[in-house]
Structures are given as structure tokens and as C-alpha cells.
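Worksheet: one structure, shown below.
Note that ligands are numbered from 1 as they come in the structure, with each ligand's atoms numbered from 1 the same way.
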Amino acid sequence: MNISIIGTGYVGLVTGVCLAYKGHKVFCVDKQQRIIDSISRGVSPIYEQQLDSMLAHVIKNDELKATADLSQAVMDSEITIIAVGTPYIGGQIALTYIKKAVYEVGAILKNKKDYHVVCIKSTVVPTTTDTIVLPILKQASGKELGDFGLVMNPEFLKEGEAVQDFLNPDRIIIGAIDEKSYEVFKNIYQYHFDAPIIKVNPRTAEMIKYASNSLLATLISFSNEIAAISEEAGGIDALKVMESVGLDKRFTPKVRGELIKPDATKYLKPGRGFGGSCFPKDIKSLISFSVKIGYDPKILKSVIAVNELQVGRILCTLKKELLRIEDKTIAILGLAFKANTDDVRESQSIKLIKELMEAGAKLKCYDPAAVEKAKKELLGCDGLEFFNDYREALAGTDAAILMTDWKIITDIPFSEYVKFMKAPAVFDCCRALDHDKAKLFGVKYIGIGFRK
Ligand SMILES: NC(=O)c1ccc[n+]([C@@H]2O[C@H](COP(=O)([O-])OP(=O)(O)OC[C@H]3O[C@@H](n4cnc5c(N)ncnc54)[C@H](O)[C@@H]3O)[C@@H](O)[C@H]2O)c1
Ligand SMILES: O=c1ccn([C@@H]2O[C@H](COP(=O)(O)OP(=O)(O)O[C@H]3O[C@H](CO)[C@@H](O)[C@H](O)[C@H]3O)[C@@H](O)[C@H]2O)c(=O)[nH]1
């Protein structure tokens, strides 16, 4: 099939490249010329594992084309997938980009004779597709449902693992407004993807996306609350607590006695709290939507409240352990909001850096991929140094804070902390290190949810 995609960011580009890889002809449209130029050269504008080589392949074979010409892309395709941003602004989800993109597509459909399916892939609050998108499409095209189709098809990929997540989905949700567009979408997925296809209405599809992100964020805040109680009590290792909770077969199913996921702490691990471009804004958007329609979502509000305490709690522990923080030089290991990405949007590490700067500490920051984006985010902050080698960041410091669990960071041998730091003390905010081993090397270990 010929597919056009509007918005070629994390979701749009990964969707486009993967669908092109599966044999579709894809037109990627973005309003940013630098993105179009980069894709046209076969170079991914975002840092994502496997994406560069796959993009180069589909560009070389003419299976994917990047363009600013929306009109041509819609005319030459049978389906348009909208994957523009839906930020949280002024206390609610901002649908500005969605509305604009939908209007533009509708206006083009006015002059198109053939049936065309429009798909909302962006995360939008329930009722958006049927009460906002559909009327705009009708008005802009002068047509009725049936002349065009409409589908809400949420995306569940994780940054850093986006390609694998897209190619191996856990489920495919098709929230079609009409039967014909459901069939079109089912055909895109059923032959190429080995996952259950769930047929629902658009509002249910929209809610499935929010419920999924909300549950994952709830597990994280729940684990961090257990960690906070454990720290206050002392003598409890909250990581062991949550690992043991996670081993319950109701969370971690076993096949023939083997754990499917040996890591029983996915989303149950105490840590620095969640960040990124999705959890914070999606949970807040659902809260505001819920309040607007008359329900006060107490659990979701607490999920955000607990998360917002995390950076303050880390700072508080640091102050207790290091005493005069303003005299200290601290290495920050990891700037991205999670491993395997250069994305620093809503990164807990960036938030902690701002607090530490405020407290007067001198900081030496390291990340294997996110230094450039972090520099932009922290523009104007004095007393900050950035390094592309963790050894240089560790050199001469009084403490190291592990904020992002990149493998290159969690693999740093304790001997290197001893060798490079002035006083080897590690604050493990990802609970990725072995505290017994740290002791053997003479490294002082402080961890979230771990106080002797
Ligand atoms: N990032 C993720 O991991 C992820 C995963 C699942 C769902 N989502 C959802 O998908 C949506 C997109 O997220 P993202 O992270 O890919 O956003 P992004 O900011 O990386 O990309 C959005 C792109 O849309 C372009 N754009 C905006 N309006 C346009 C228009 N009218 N015409 C052409 N291009 C336009 C922007 O230039 C930008 O490149 C959001 O709703 C998000 O919540 C994101
Ligand atoms: O055990 C965990 C797992 C994650 N996190 C944090 O939670 C945030 C989100 O992490 P993750 O879910 O791995 O990455 P995202 O790319 O933000 O993906 C989430 O948000 C996407 C956008 O909606 C969804 O598509 C994905 O399914 C959903 O996992 C990050 O700050 C992580 O550090 C933890 O603190 N503990």
C-alpha cells in the first residue's frame, strides 16, 4: 500500500521506516526542512538503535521518500497516518498540531476522488477522534464518512528500543470509526506482525493508550514510595523487596519453570523517577481530561506527586551524606531520560542538575549520547562541565551520581571509581550496582531505597 505519514519525529519516522521495510511505499512529511534533508540523505535525525541502517536501506531502494509536499503525499497514498506532537500546555493536552494537520489533510481530500483512510497515531485524550478530528475532516473536505475512513491506532513503542517494539508489538489496537477503514488497517498489520489485533471504537483505543502508560507510571511511583518508606525505616533493601514482589507469578509468568523475563523488576524498580516525552505529559493530560468531565482521579494525581518528590529526595540524601554540598565536585553519570537514547525531554537528571547548581555544587556531566541536547537544555547554567568520556567526568570528584542506566555506565568497574575520584562515593539512583562489591573496593555506596 502507499502510506503517507505526517510528523516524522520518534513515532512517525520509526513507523515509516518499519512499514517501508515491510514492503509498503511510504511518504514521510514534516514541516521541518532539516528533518526532510536528513532523511533524504538516509541519515536518521534521531538517535535510535537499528534506525540508521534500516533508513539507509529503504531510502536506497526508493521505498521511503521524505517530502514537505503534503498535498502530493496524500494524493499519492491510500492512507495518511498522523503522528504529530500532542504536548501538555497550560494544564491540558494541546491539540493544536493535530487540528492543523487534520485540517490540511481534509482540504486535500476535497480534490481526491478515491477513498482515503486517515489514522490518528498520536496520543490523544478520549473523544478527540470522534468529536474533534471527524468534524474537522468533514468540514475541510466537504465529504462524509464513507468517502473517507477514520482510525485511531495508538503506538506503544519505547524510545531506545523503538524499532524492535514496532516490529514486535504486544498488541495492535485498531479503533476504527467505520468497518471499511478497520479492514484496511487490519490488512496492513495482519500479514506482517505477529500480535493480537484488538478491534475497538476510537474512544476505547484512545483510553487503552492512556491506561497503559498510567499503569506503568503507577508501578514506578508505587515502587518509589515503597523505597522512600524503606529508607526512612532503615535496614531495608527496597530493591530486594520489589524484586521479590515482581517474582510473584501474577506479575512475572513462568513457562516450564523458567522466568520469561529474568528481570522481575521492570517498572517495579526503585529509582530516580520517570521522565521522558510521554509519561509525565500523558498522565497529566489524562488527569486534566478526567477532572474536566467530572471525575477526580486520586491515584493518577498521587503518581505525579510521588514522582515530583524524587529529585528533592535525592538532593536531601546527598546533603546528608556529603554535608557541605557547595564545596563539592560531583560527577553526573547519564543525562538522557533513559538509556539508549539522546532524548533529554523531562529528564530527571537535568532536573537534579538544576537543583544541584542552585545548591552551589560544581558538576561534571557525562552521557554517551545526550551531551549536545543536555547542553542546550542547560544553557546559561554556570559551573557545569560536559565530558564524552566518563573517566574525565569522574576525575577529582567527591561523589558520582548514577542517573541513567546506560550499559557503559553500569559497567564502570569499582576500581575506576577508586582510581579517578578524589573520594569514591557512588549514589546509585538506578539501583544498578552491587553494594556488597562496592564495599569490597572501598567505595561508599548510597542507593535509592537502601539505607543501613
Ligand atoms: N516518543 C515516543 O516514544 C512515543 C511513543 C508512542 C506515542 N507517542 C505519541 O506520538 C506523538 C508524536 O510523538 P513524537 O515523540 O514522535 O513527537 P516529535 O516531537 O518527535 O515529532 C513530531 C513531529 O511532527 C512534526 N509536525 C508537527 N506538525 C506538523 C504538520 N502540520 N505537518 C508536518 N509535520 C508536523 C514536527 O515537526 C515533528 O518533527 C505524540 O502524541 C506522542 O505522545 C510518542
Ligand atoms: O522500571 C522502570 C522503567 C522505566 N522507568 C522510567 O520511566 C520513564 C519511561 O521509560 P520507558 O517506558 O522505558 O520509555 P518511553 O520511551 O517513555 O516509553 C513509554 O512511553 C511511550 C510513549 O507513550 C509508550 O509508547 C511506551 O509504551 C512507554 O513505555 C523513563 O524515565 C525511565 O527511566 C523507571 O523509572 N523504572
**Prompt:** Under a 4.0 Å heavy-atom limit, does Lys100 contact ligand 1 with its side chain, its backbone, both, or neither?
**Reply:** neither
**Asked** Does any N/O atom on Lys269 come nearer than 3.5 Å to any N/O atom on ligand 2?
**Response** no
**Request:** Considering only non-hydrogen protein atoms, determine which one is nearest to atom 29 (C) of ligand 1 and report residue, atom name and distance to 0.1 Å.
**Result:** Val84 CG1, 3.5 Å
**Prompt:** To which protein heavy atom is atom 31 (O) of ligand 2 closest, and what is the distance rounded to 0.1 Å?
**Reply:** Gly275 N, 2.8 Å
**Item:** Smallest separation among heavy atoms of Tyr88 and Ile93, with atom names
**Value:** CD1-N, 4.2 Å
**Item:** Member of Pro154, Ser122, Cys278, Pro126 meeting the side chain to side chain contact (heavy atoms under 4.5 Å, CB included) criterion with Lys209
**Value:** Pro154
**Message:** What I want to find out is whether Arg451 reaches Asp237 closely enough, with some N-O distance under 4.0 Å, to be called a salt bridge.
**Reply:** no
**Prompt:** So, the side chain of Gln49 versus the backbone of Gly160: is there a donor-acceptor pair under 3.5 Å, distance only?
**Reply:** yes
**Mode of Leu157 contact toward ligand 2 - side chain, backbone, both, neither (heavy atoms, under 4.0 Å)** = backbone
**Asked** Between Ser77 and Ile3, is there a donor-acceptor pair closer than 3.5 Å when you use the side chain of the first and the backbone of the second?
**Response** no
**Request:** Would you please determine whether Arg345 falls within less than 4.0 Å of ligand 1 on a heavy-atom basis?
**Result:** yes
**Message:** So for Ile220, does at least one of its heavy atoms come nearer than 4.0 angstrom to any atom of ligand 2?
**Reply:** yes
**Message:** Does Lys121 form a side-chain contact (heavy atoms from CB on, under 4.5 Å) with Val11? I'd like the steps, not just the answer.
**Reply:** CA-CA 8 Å; Lys121 205 170 215 355; Val11 170; 4.1 Å; yes
**Closest approach of any protein heavy atom to atom 24 (O) of ligand 1, naming residue and atom** = Gly7 CA, 3.2 Å
**Fill in**
In ligand 2, the atoms that come under 4.0 Å of a heavy atom of Glu159 are 16 (O)
**For Thr86, the ligand 1 atoms whose distance to one of its heavy atoms is below 4.0 Å** = 40 (C), 41 (O), 43 (O)
**Prompt:** Among all protein non-hydrogen atoms, which one is nearest to atom 21 (O) of ligand 1, and what is the separation to 0.1 Å?
**Reply:** Gly9 CA, 3.2 Å
**Prompt:** With backbone taken as N, CA, C and O and side chain as the heavy atoms from C-beta onward, which portion of Ala162 lies under 4.0 Å from ligand 1: side chain, backbone, both, or neither?
**Reply:** neither
**Item:** Protein heavy-atom partner closest to atom 1 (N) of ligand 1 - residue, atom, separation in Å
**Value:** Glu159 OE2, 3.1 Å
**Fill in**
atom 19 (C) of ligand 2: closest protein heavy atom, distance to 0.1 Å, is Phe279 CE2, 3.5 Å
**Prompt:** Are Lys100 and Glu104 within salt-bridge range, i.e. N to O under 4.0 Å?
**Reply:** yes
**Message:** Below 4.0 Å, non-hydrogen atoms only: which portion of Lys158 touches ligand 1? Side chain, backbone, both or neither.
**Reply:** neither
**Complete:** Scanning both residues in full, the closest heavy-atom pair of Tyr97 with Gly85 reads CD1-O, 3.4 Å
**Item:** Closest protein heavy atom (residue, atom, distance) for atom 25 (C) of ligand 1
**Value:** Asp30 OD2, 3.2 Å
**Fill in**
Lys209 heavy atoms within 4.0 Å reach ligand 1 at atoms 6 (C)
**Asked** Nearest protein heavy-atom contact for atom 22 (C) of ligand 2: which residue, which atom, what distance?
**Response** Cys278 SG, 2.4 Å
**Message:** Within ligand 1, which atoms have a heavy atom of Glu104 less than 4.0 Å away?
**Reply:** 31 (N)
**Message:** For atom 42 (C) of ligand 1, tell me which residue out of Gln33, Lys281, Lys99, Glu155 has the closest non-hydrogen atom.
**Reply:** Lys281
**Request:** Report yes or no: does a heavy atom of Glu161 sit under 4.0 Å from some atom of ligand 2?
**Result:** no
**Message:** Can you confirm, on distance only, whether ligand 1 has an N/O atom lying under 3.5 Å from any N/O atom belonging to Lys121?
**Reply:** no
**Message:** Whether the side chain of Lys269 engages the backbone of Met242 through a donor-acceptor N/O pair (distance < 3.5 Å, no angle test) should be reported.
**Reply:** no
**Backbone or side-chain N or O of Gly276 under 3.5 Å from ligand 2 N or O** = no
**Asked** Around Tyr189, counting heavy atoms of other residues, nucleotides and ligands shown, do more than 12 lie under 6.0 Å from its OH?
**Response** yes
**Request:** May I ask you to identify, for Ile6, whether its side chain, its backbone, both or neither come under 4.0 Å of ligand 1 on a heavy-atom basis?
**Result:** side chain
**Request:** From atom 24 (C) of ligand 2, work out which of Met403, Glu155, Lys338, Lys209 has a heavy atom at the shortest distance.
**Result:** Lys209
**Prompt:** Which of parallel (below 30°), tilted (30 to 60°) and perpendicular (above 60°) describes Tyr21 and His57?
**Reply:** tilted
**Item:** Note: Asp248-Arg250 ion pair, threshold 4.0 Å (strictly below)
**Value:** yes
**Message:** Please list, in number order, the atoms of ligand 1 under 4.0 Å from a heavy atom of Ser277.
**Reply:** 1 (N)
**Request:** Report the part of Thr341 (side chain from C-beta onward, or backbone N, CA, C, O) that has a heavy atom under 4.0 Å from ligand 2; answer both or neither where that applies.
**Result:** neither
**Asked** Centre of Phe337's six-membered ring, under 6.0 Å away, within 45 degrees of the axis: is that where NZ or CZ of Arg345 sits?
**Response** no
**Message:** List ligand 1 atoms under 4.0 Å from Leu157, heavy atoms only on the residue side.
**Reply:** 3 (O), 5 (C)
**Message:** Suppose I only count heavy atoms of Gln32 and a 4.0 Å limit; which atoms of ligand 1 are within that range?
**Reply:** 36 (C), 37 (O), 38 (C), 39 (O)
**atom 13 (O) of ligand 1: the protein heavy-atom neighbour that sits closest, reported with distance to 0.1 Å** = Val11 CG2, 4.2 Å
**Item:** Identity and separation of the nearest protein heavy atom to atom 9 (C) of ligand 1
**Value:** Thr123 OG1, 3.4 Å
**Asked** Under 4.0 Å from any heavy atom of Asp282, which atoms of ligand 2 are there?
**Response** 23 (O)
**Request:** Check for a donor-acceptor pair, side chain of Thr410 on one end and backbone N or O of Lys407 on the other, with a separation under 3.5 Å.
**Result:** yes
**Message:** Using heavy-atom distances only, which candidate in Phe337, Phe156, Tyr267 approaches atom 29 (O) of ligand 2 most closely?
**Reply:** Tyr267
**Prompt:** Thinking salt bridges, do Arg313 and Glu232 make one under a 4.0 Å N-O criterion?
**Reply:** yes
**Item:** For ligand 1, the portion of Ile35 having any non-hydrogen atom under 4.0 Å away
**Value:** side chain
**Prompt:** In terms of side-chain geometry, is the basic nitrogen of Lys281 or Glu346 positioned less than 4.0 Å from the acidic oxygen of its partner?
**Reply:** no
**Request:** Give a yes/no verdict on a cation-pi contact between Lys22 and Phe193, requiring under 6.0 Å between NZ or CZ and the six-membered ring centre and an angle within 45° of the axis.
**Result:** yes
**Request:** Inspect the contact between Arg203 and Asp130 and indicate whether a charged nitrogen and a carboxylate oxygen are less than 4.0 angstrom apart.
**Result:** yes
**Message:** Closer than 3.5 angstrom, by distance alone: can the side chain of Ser141 be matched with the main-chain N or O of Ala107 as a donor-acceptor pair?
**Reply:** no
**Asked** Of the protein's non-hydrogen atoms, which lies at the shortest distance from atom 33 (O) of ligand 2, and what is that distance?
**Response** Arg272 NH2, 2.9 Å
